[in-house]
2 protein chains.
Amino acid sequence: MDQELTILKDYLKQKGLRLTPQRESILKAFIENEGHLEIEELFDRAKAIDSSIGIATVYRTINLLTECGLARENSLPNGKKFYERLFRQGHHDHLVCNNCGKIVEFEHPLIEQFQKDVALKHDFILQNHQMALYGICSDCKS
Amino acid sequence: MDQELTILKDYLKQKGLRLTPQRESILKAFIENEGHLEIEELFDRAKAIDSSIGIATVYRTINLLTECGLARENSLPNGKKFYERLFRQGHHDHLVCNNCGKIVEFEHPLIEQFQKDVALKHDFILQNHQMALYGICSDCKS
DNA sequence: ATTATTATTGATATTCATTATCAATAAAGG
DNA sequence: CCTTTATTGATAATGAATATCAATAATAAT
Ligand SMILES: [Mn+2]
Ligand SMILES: [Mn+2]
Ligand SMILES: [Zn+2]
Ligand SMILES: [Zn+2]
């Protein structure tokens, strides 16, 4: 939490923004969780720390956390977004169950390398990528 | 166009739905175009054929085309969707310019194979996947 | 400390893409 | 032609995310 807080502080200072109790509470709620959080879940967890926090502040703060590299934003085909920790956590992509919504993480360095090759070949400066495999998980098969 | 129309007809019949002039016009507008279409663009092209067509019918019809395998739906991080021909067109994924929005297609059979491997390893029945590489295109670099 | 400046907050209005509703219309089969 | 029922276009509704705004609080200056 200390390192993450420092990263946020530095980012805020650099942008001329301020560290507030709300932002600190939302960061804490976010960091405490290891999984994949939708906004409403993060809102609930933040309210458990400070019940007066508003949903608008949660949206604003998760955007700050994404900008400063502490959070990673993922979009689902249904138009919702979910967030997860990015700091000190290996890069990975996701398998998503089309039936129950379960999210499983995987890493594949070779795919990552090929993505870089493709970008290079097409003269793109690769900034980020987004890959998700959709299907039916083992639980839902049965 | 003939083969596509047959596919749509068969799908509609199988579902107990009807072929209408509107659906035929929207299919035509969709097929005529080789690129990546957002709904509003498809709407404009369909109106050029039949000016009385409503936007709701365009939404309804592109969903039908997606269901019967003639169209492929892609989501952008901004929440919009774009569509492209799927029938008799090789599978590919996309490079997207974060600056000008340009979309470049690429194929990488090895990545596709690895995706299948990953799904198998995690006991998922792979149904579809979604991969996009985001960055700065060669034009925008300069 | 006191004050001045300006970012922040929570509530709420707004936006924007997409879907739902509904009365009028028109396929399709007999 | 008739009957049944899917379809249409206009428009209302939805839902996630952002914009607005007056009140509040953090920071810097006095
Ligand atoms: Mn993850
Ligand atoms: Mn394409
Ligand atoms: Zn499942
Ligand atoms: Zn570009």
Side-chain angles (χ1 to χ4, degrees), chain A residues 5 8-30 36-68 71-83 101, chain B residues 5 8-29 36-68 71 73-83 101:
Chain A
L5 189 56
L8 178 59
K9 274 183 183 164
D10 290 350
Y11 179 75
L12 293 173
K13 176 161 284 180
Q14 170 214 329
K15 286 266 180 179
L17 306 176
R18 294 165 185 174
L19 183 64
T20 65
Q22 289 92 336
R23 283 173 180 167
E24 211 164 335
S25 297
I26 294 167
L27 173 63
K28 197 172 176 191
F30 178 65
H36 306 103
L37 286 173
E38 299 198 354
I39 283 290
E40 288 294 334
E41 300 171 59
L42 180 57
F43 182 37
D44 291 342
R45 288 170 194 277
K47 271 192 297 196
I49 299 174
D50 173 356
S51 63
S52 70
I53 282 181
I55 184 75
T57 301
V58 177
Y59 273 108
R60 288 187 281 240
T61 303
I62 195 66
N63 286 341
L64 289 172
L65 298 185
T66 302
E67 289 162 24
C68 73
R72 179 181 170 203
E73 179 185 277
N74 297 82
S75 297
L76 290 169
N78 66 10
K80 279 192 177 180
K81 290 174 178 172
F82 68 87
Y83 298 86
Chain B
L5 188 57
L8 178 58
K9 274 183 185 165
D10 290 350
Y11 180 75
L12 293 173
K13 174 160 287 180
Q14 170 214 327
K15 286 266 180 179
L17 305 177
R18 294 168 185 174
L19 182 65
T20 64
Q22 289 91 337
R23 283 174 179 166
E24 211 164 335
S25 298
I26 293 166
L27 174 63
K28 196 172 176 191
H36 305 104
L37 286 173
E38 300 197 352
I39 283 290
E40 287 294 334
E41 301 170 60
L42 180 57
F43 182 37
D44 290 343
R45 289 170 193 277
K47 272 191 299 196
I49 299 175
D50 173 356
S51 63
S52 69
I53 282 182
I55 183 76
T57 300
V58 177
Y59 273 106
R60 289 187 281 239
T61 303
I62 196 65
N63 286 342
L64 289 172
L65 297 184
T66 302
E67 288 161 25
C68 74
E73 179 184 278
N74 298 83
S75 297
L76 292 169
N78 65 10
K80 280 192 177 179
K81 290 173 179 172
F82 69 87
Y83 297 86

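Remember, it's a predicted structure, so these values are computed and weren't measured experimentally. Reminder, nothing fancy here: chain letters follow the sequence lines and each chain counts from 1.
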Trainee: Nearest-Å distance, CD (B/E24) to C1' (C/dA26)?
Mentor: 15 Å
Trainee: My understanding is that only residues two or more places apart in sequence, or in another chain, count here; which of them pass salt bridge (Lys or Arg N to Asp or Glu O under 4.0 Å) with A/K28?
Mentor: none
Trainee: Which residues pass the side-chain contact (heavy atoms from CB on, under 4.5 Å) test with B/K80, sequence neighbours left out?
Mentor: B/E38, B/N78
Trainee: Report the residues that fulfil side-chain hydrogen bond (donor to acceptor under 3.5 Å, both in side chains) with B/E67, sequence neighbours left out, ordered by chain and then residue number.
Mentor: B/Y11
Trainee: Between C/dG10, D/dG9, C/dT18, which one does the side chain of A/S52 approach most closely?
Mentor: C/dG10
Trainee: List in chain and number order the residues that pass salt bridge (Lys or Arg N to Asp or Glu O under 4.0 Å) with B/K9, two or more places apart in sequence or in another chain; answer none if no residue qualifies.
Mentor: none
Trainee: Take atom CD1 of B/I55 and atom C1' of D/dT8, then tell me their distance rounded to the nearest Å.
Mentor: 14 Å
Trainee: For residues 46-64 of chain A, run the donor-acceptor check on the side chains, cut-off 3.5 Å, and write out each pair with its distance to 0.1 Å, sequence neighbours left out.
Mentor:
unit_1: A/D50; atom_1: OD1; unit_2: A/S52; atom_2: N; d: 2.9
unit_1: A/D50; atom_1: OD1; unit_2: A/S52; atom_2: OG; d: 2.8
unit_1: A/T57; atom_1: OG1; unit_2: A/R60; atom_2: NH2; d: 3.3
unit_1: A/T61; atom_1: OG1; unit_2: A/T57; atom_2: O; d: 2.7
unit_1: A/N63; atom_1: ND2; unit_2: A/Y59; atom_2: O; d: 3.4

Trainee: Could you check B/Y83 against B/L42 for side chain to side chain contact (heavy atoms under 4.5 Å, CB included), going step by step and ending with a plain yes or no?
Mentor: CA-CA 9 Å; B/Y83 297 86; B/L42 180 57; 5.9 Å; no
Trainee: Using whole Å, report how far OH of B/Y83 lies from C1' of C/dA17.
Mentor: 10 Å
Trainee: NZ of A/K15 versus C1' of C/dT8: gap in Å, rounded?
Mentor: 17 Å
Trainee: Please round to the nearest 0.5 Å and tell me the distance separating atom NZ of B/K81 and atom CG of B/L76.
Mentor: 11.0 Å
Trainee: Please enumerate all residues that pass side-chain contact (heavy atoms from CB on, under 4.5 Å) together with B/R45, with sequence neighbours excluded.
Mentor: B/A29, B/N33, B/L37
Trainee: End-to-end bend of the helix from C/dA1-D/dT30 to C/dG30-D/dC1 (five-pair axes, 10° rounding)?
Mentor: 30°
Trainee: Below the 4.0 Å mark, does D/dA6 have OP1 or OP2 next to a side-chain nitrogen or oxygen of B/R23?
Mentor: no
Trainee: Atom CG of A/L64 to atom P of D/dT18: distance rounded to whole Å?
Mentor: 11 Å
Trainee: Can you tell me how far P of C/dA27 sits from CG of B/L8, to the nearest Å?
Mentor: 15 Å
Trainee: Anything under 3.5 Å between a donor and an acceptor, one on a side chain of residues 16-25 of chain B, the other on a protein residue two or more places apart or in another chain? List them.
Mentor:
unit_1: B/T20; atom_1: OG1; unit_2: B/R23; atom_2: N; d: 3.1
unit_1: B/R23; atom_1: NH1; unit_2: B/R18; atom_2: O; d: 2.6
unit_1: B/S25; atom_1: OG; unit_2: B/P21; atom_2: O; d: 2.9

Trainee: Nucleotides 12-16 of chain D: which of its N/O atoms have a protein N/O under 3.5 Å away?
Mentor:
unit_1: D/dA16; atom_1: OP1; unit_2: A/K80; atom_2: NZ; d: 3.4

Trainee: Could you go over nucleotides 19-29 of chain D and give all protein N or O partners under 3.5 Å, atom names and distances?
Mentor:
unit_1: D/dA26; atom_1: N3; unit_2: A/R18; atom_2: NH1; d: 3.2

Trainee: Could you tell me how far apart B/I62 (CD1) and C/dT18 (P) are, to the nearest whole angstrom?
Mentor: 11 Å
Trainee: Does C/dT18 have OP1 or OP2 under 4.0 Å away from a side-chain N or O of B/N63?
Mentor: no
Trainee: Quick one: list whatever passes ring pair (Phe, Tyr, Trp, His ring centres under 6.0 Å) with B/F82, sequence neighbours left out.
Mentor: B/H36, B/H94
Trainee: Output the rounded distance in Å from CG (A/D50) to C1' (C/dT8).
Mentor: 14 Å
Trainee: How far does CG of A/D44 sit from CD1 of A/I39, to the nearest 0.5 angstrom?
Mentor: 11.0 Å
